[in-house]
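Structure first, then comments.
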Amino acid sequence: MLIPHDTRIALDVVVDLVNTAPDGGQPEGGPPVDGLADIEALYAFAARHRVSGVRELDGKDLRAVHDVRARFAEVFAAADARVAASLVNALVAAAGTTPQLSNHDGYDWHVHYFAPDASLADHLAADCGMALAFIIVAGETERLRRCEAPDCRRAFVDLSRNRSRRYCSSRTCGNRLHVAAYRARRREAAG
Ligand SMILES: [Zn+2]
Ligand SMILES: [Zn+2]
């Protein structure tokens with residue numbers, strides 16, 4: 001599946017956003033923490049993903065982003081494309097999109113879906129919503145996954161050729177399970 005560069009970036013943003021939720025499960029099995037617990041964390045998130053046009057943020061922005069995050073989590077949990085599509089439609093409509101071509105800051109031409117004066121929550125809803133729309137339109141909704149490792153429910157987008165990825169990260173969850181399976185085999189062999 002060929003994914004435009006800016007869509008790919010927006011997918012990274014939405015995966016990271018969903019995984020800041022305390023119910024996403026932690027890969028190291030630690031206690032649940034909210035990765036967007038305060039306004040400081042929200043600024044850091046926007047900076048990490050170089051979200052353009054971010055103005056002063058307050059408690060209202062934080063609540064709005066938490067709300068959008070919960071809606072995106074539902075998309076990753078959607079049973080099929082029909083459910084995912086209606087969730088994305090609602091998110092994008094509420095954000096009031098106005099597609100605009102832009103080549104700001106030395107980037108190539110790309111489409112901004114968020115309205116020029118959009119809040120951070122609306123910006124994320126519009127651009128990440130359209131990136132998910134791209135996946136749904138491509139008939140690839142099943143690539144929007146949750147990690148299969150026990151006590152890890154982190155979201156990820158499976159971009160593997162044969163849609164075979166099962167874990168949020170092969171380094172953490174995949175490897176952890178691999179090691180556990182190896183030890184179990186050793187125990188069996190020894191017993
Ligand atoms: Zn841009
Ligand atoms: Zn995981």
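Remember, it's 1-based here, ligands and their atoms both numbered in the order they're listed.
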Arg69 bridged to Asp34 by N-O distance under 4.0 Å:
yes
Side chain proximity check, Arg145 to Phe76, heavy atoms < 4.5 angstrom:
no
Answer yes if the ring centres of His5 and His110 are under 6.0 angstrom apart, and no otherwise.
no
Angle at the Zn ion (ligand 2): provide the value between SG of Cys147 and SG of Cys152, rounding to 10 degrees.
110°
Charged N-O contact under 4.0 Å between Glu188 and Arg185:
no
Near the Zn ion (ligand 1) (cut-off under 2.8 Å), count of protein N, O or S atoms:
3
Could you check whether any side-chain N or O of Asp105 sits under 3.5 Å from a backbone N or O of Tyr107, counting only pairs where one atom can act as donor and the other as acceptor?
no
Residues in side chain to side chain contact (heavy atoms under 4.5 Å, CB included) with Glu40, at least two apart?
Asp38
